[in-house]
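Presented below is the structure to which this report refers.
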Amino acid sequence: MVRIAHISDSHLGCSMFQLVERKEDARRCFEKAVDMAVRKSPDLIIHTGDLFHDSLPQNDDLNFVIRLFKKLKGKVDLFVLQGNHDHPYGYRYSLSPLIGLETMGLIISTGEKAYRGVKVTYDGRPVEIHLLSWASERFLESVLHKVQPKEDIALFFAHDLPNKDNLPVSFDYFGCGHKHTFNLDEENNVGRPGSTCYVRWETEHKGSKKLIVVDVDSSGCEYETQSLNDVRGFKFVPPVNISQMGPEQADRAIKDSIDKLAPKEKSIIILQVNGIVDPETERKMDRTKVLQYGEKKHNPLFLHIAANWRCSVPKEIKLSQPLDVEASVEEYMDFTKDEMGTRVKAMMHKMLGG
Amino acid sequence: MIRKLRMTDFKVFQDQEFDFSPGTTAIVGPNGSGKTTILEAIEFALFRSVTRKEKSVKRLEELIRHSRKKAKIQLEFIAPLNRREYRVIRTIHPGETNADLFLANKHEPEVSGPTRVDQEIVKLLGMTKHAFSALTYVRQGEIFKLSRDTPAKRRSGLYSMMGLEIYDKKKKTVDKELKSMKGEMESIDLTRTRLESIREHLPNREELDSAISAIDKVEREVGKREEFEQFRGVVEKVSNSLSTVNDELSSPRLSRRPVEIKEETEVAEHLKALLDTIPHVAENQLRPYIRTEARSIFTEIFGDRYSDLFIDDDFEVCLFDLQGNKVSLKAASGGEDVCVNFALRVAVNTALQKYSTASNPPGLIILDEPGSGLDQQRRRWLPEAIAGLEVVEQVIVVTHMDELKESTKQVISLTPQGKGRQPLVEVD
């Protein structure tokens, strides 16, 4: 049996809303995930890519990773894929910071290529491990169908597996990352832990993030998962609808929604505001005051009011095809009950040059 | 949406086929490698015309490959009207063109003949060439016009991007009409005054009649003389002239036409006033949508710094930072500036596609050299901005920037081979 701890997308160096605190948070979240993984005493830890948020990580992040990985050396095998954030645009694998970590012998990755297959013996049995960094979909397909596992236990890890439905059955477990929310398909043995911290709240706030521990045996896989919570408190407030409100009313509605919260100290609060308002309301809403109100009330690390409302069109006239001159003239005249309407309509086509 | 394009003896292409898939496609190549030719072929296949520098090419046979007799374009596309796949085949011969339109899997054409195919395609697309180009085409250098210009220029620039300059064009047509009517009226007036002044100098009908009866009377008294006939001849001539002048003056051209012209002028003036007003209405109607679209593209990339993007009534663009403060675009950084401009420009198209047609949107955006006019520093942001354009079904980027290759799903690279040979085409 081989025990795998699967984590992904730590995005070290990312900082939501450009908050410096979030860089530290990202490191702590990652350390927390690694600690949690190590406590499960796995044979190997796999990180399916996007270790760093940028292909040129800052020294503090790089140093942090080196120190953390050094502690693991000799205790557990560490495999890390290159995600799309780990190298510059254009699949330039040789320019990834992961190359340095590999050279130091801290991790096993795919080197300067997209793919690498390795064979390691765990528990006296050979295990095939296929690693695929971020690559084009076509390359992914070709690797998936070219590689024929020979050993009893074969694992496939890719930064992204967009087509979960037609994976070959010859592998025991497929691990991927890229998307930041947890997903585990125990029937087809495809797992995605999600990111270790919140990177983009817009796409992540509805999902969860977990550590996936897989015990692979020739008879199949057994799974255990454990939630990975961000070290920072996050509060996603149900959206406020300000449709048809005036400016003061809208400000009040947002403040009311802020009043109802009871967040942890120094949380990140995200409040979405929806609805359709008229331009007048939008202009007169006092966003700064509302934000200051919320900050004073709850002392969050950050309060974000996401402007998702839409602005309504002045209702008077609506042209259905504004780029069609004749149709628009007709619509406009009909609407304004133009006295010359019939005469203009009769002659317009000729006058506009047919 | 475009599926496949095949060009035979069309400009530099001897025989070349391109497949287009949904998502973003970059057409990359150095100057003169035939990038724009691909766009021209698409335009020609759909609308039987090719526009260069905003003017239509008059002699279409210029598009035939040198020393060949005819060019052929075959384009497969999905019609927004019914989501069915069609194939249009057009050929260019010196002096004429021909066309057939097929359903993609049929061998018998649905419609044949250039004019009928033109009409059918306009129906399938749900819009004319003008609207189609306003909705799908982002011209070279347009992206950075928006924040650099003065508000007045920005307004007119935005009008033109939104395709509303057609109202100006139409106004000019009406103006021409007005001018010609004015000319006609003047010439009528001139004729009339001339005729009237002639009539003034002629004796009137009674005077002539009495002259004739005077001659008759004298002749009766003194007997027939040849001189009387001469008198009569002169009076008759004068009388005929008078009739001609009178007939002229009461002819339809001089009597009825002025009334018509007056009426038509009235209508034309009114139409002109309408053509002045409606673009403002249309623009007012579309601007909030443009703003919403631009906001979603912009915050997709800079959501960690800004919460909103706003266009006010004076066409001043400003941003709201996460603290709720207004930030003028002038204070934004290079990357943000690029992104705001890009977002706005593309939003014009996506908003138009959603809100300016009665039928389904074409789901296609063509970006022609989006990076032109940008320095190295600012260009860096473009791939990211383009990669974020998932709102549109199909994006075609024409560029000579290699950097943009990485931000698109499909890349068509063109390498010129010199001497008018077909460029080397690589598809990735």
Side-chain angles (χ1 to χ4, degrees), chain A residues 14-19 88-92 136-138 200-202 279 282-283 285-292 302-308 310-314 316-329 331-333 336 338-340 343-344 346-348 350-353, chain B residues 127-128 130-131 134-135 162-164 166-167 169-170 173-174 176-178 263-264 266-268 270-271 274-275 277-279 281-289 291-292 295 299-300 303-305 307-308 310 312-313 320 322-325 352 355-358 383 402-403 405-407 409 428:
Chain A
C14 78
S15 58
M16 190 184 287
F17 304 124
Q18 295 192 311
L19 296 164
Y89 259 131
Y91 310 122
R92 287 178 277 180
S136 69
E137 217 170 300
R138 196 191 293 179
R200 278 185 63 94
W201 67 268
E202 293 93 331
E282 179 172 52
R283 244 193 318 273
M285 280 169 64
D286 198 337
R287 308 181 194 207
T288 320
K289 275 238 175 75
V290 173
L291 279 160
Q292 281 167 353
F302 199 81
L303 168 63
H304 178 52
I305 296 183
N308 289 341
R310 280 182 296 132
C311 207
S312 62
V313 180
E316 302 90 53
I317 300 183
K318 191 133 179 17
L319 303 171
S320 68
Q321 303 178 67
L323 296 186
D324 186 325
V325 177
E326 287 182 34
S328 300
V329 170
E331 276 177 11
Y332 186 84
M333 288 190 305
T336 51
D338 200 312
E339 286 166 8
M340 294 179 67
R343 280 162 72 198
V344 172
M347 285 188 214
M348 175 167 59
K350 195 188 113 224
M351 281 185 179
L352 295 176
Chain B
M127 63 194 83
T128 58
H130 166 76
L135 262 59
M162 288 162 72
L164 293 174
I166 186 146
Y167 284 89
K169 277 191 194 154
K170 290 289 180 190
T173 322
V174 177
K176 245 190 224 161
E177 190 90 1
L178 271 170
E263 206 166 278
E264 275 177 35
E266 226 170 75
V267 170
H270 188 70
L271 184 58
L274 288 175
L275 293 177
T277 324
I278 293 175
V281 175
E283 191 264 334
N284 256 329
Q285 174 183 330
L286 288 169
R287 192 177 345 149
Y289 296 124
R291 178 280 179 98
T292 307
R295 172 169 70 187
T299 51
E300 179 74 20
D304 56 355
R305 257 176 277 176
S307 66
D308 204 351
F310 194 83
D312 69 16
D313 292 339
F320 278 94
L322 292 174
Q323 282 70 47
N325 303 313
L352 284 176
Y355 305 105
S356 78
T357 59
D402 279 342
E403 302 96 295
K405 276 187 191 174
E406 279 84 37
S407 56
K409 248 176 87 180
D428 188 9

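Protein chains get the first letters and strands the later ones, always in sequence-line order, with residue 1 at the start of each.
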Query raised in the report: At a heavy-atom separation under 4.5 Å, does A268(B) approach chain A through its side chain, its backbone, both, or neither?
Result: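 For A268(B), heavy atoms of backbone and side chain both lie under 4.5 Å from chain A.
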Report task. Could you tell me which portion of M127(B) (side chain, backbone, both or neither) has an atom closer than 4.5 angstrom to a non-hydrogen atom of chain A? Result -> neither
Report summary line: One should read off an interatomic distance between R287(A) CZ and Q323(B) CD, to the nearest 0.5 angstrom, of 13.0 Å
Requested in this report: For T336(A), enumerate each residue passing the side-chain contact (heavy atoms from CB on, under 4.5 Å) test, keeping only those at least two apart in sequence or located in another chain.
Outcome: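 With neighbours one apart ignored, the set is Y332(A), D338(A).
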Name the region of [X], side chain, backbone, both or neither, that has any atom closer than 4.5 Å to a heavy atom of chain B.
| X | answer |
| --- | --- |
| F302(A) | side chain |
| E137(A) | neither |
| A306(A) | neither |

Report task. For chain A, find which of N325(B), L271(B), L135(B) contributes the most heavy-atom pairs closer than 4.5 angstrom. Result -> L271(B)
Report task. With a 4.5 Å cut-off on heavy-atom pairs, point out which of F320(B), Y355(B), F310(B) contacts chain A the most. Result -> F320(B)
Requested in this report: Dump the intermediate steps for side chain to side chain contact (heavy atoms under 4.5 Å, CB included) on H130(B) and V325(A), then the final yes or no.
Outcome: CA-CA 11 Å; H130(B) 166 76; V325(A) 177; over 6 Å; no
Report summary line: Closest non-hydrogen atoms of V329(A) and L274(B), given as atom of the first, atom of the second and distance, are CG1-CD1, 3.7 Å
**Report entry** Side chain T288(A), main chain G324(B), donor-acceptor under 3.5 Å
**Finding:**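 Between the backbone of G324(B) and the side chain of T288(A) there is a qualifying donor-acceptor contact (under 3.5 Å).
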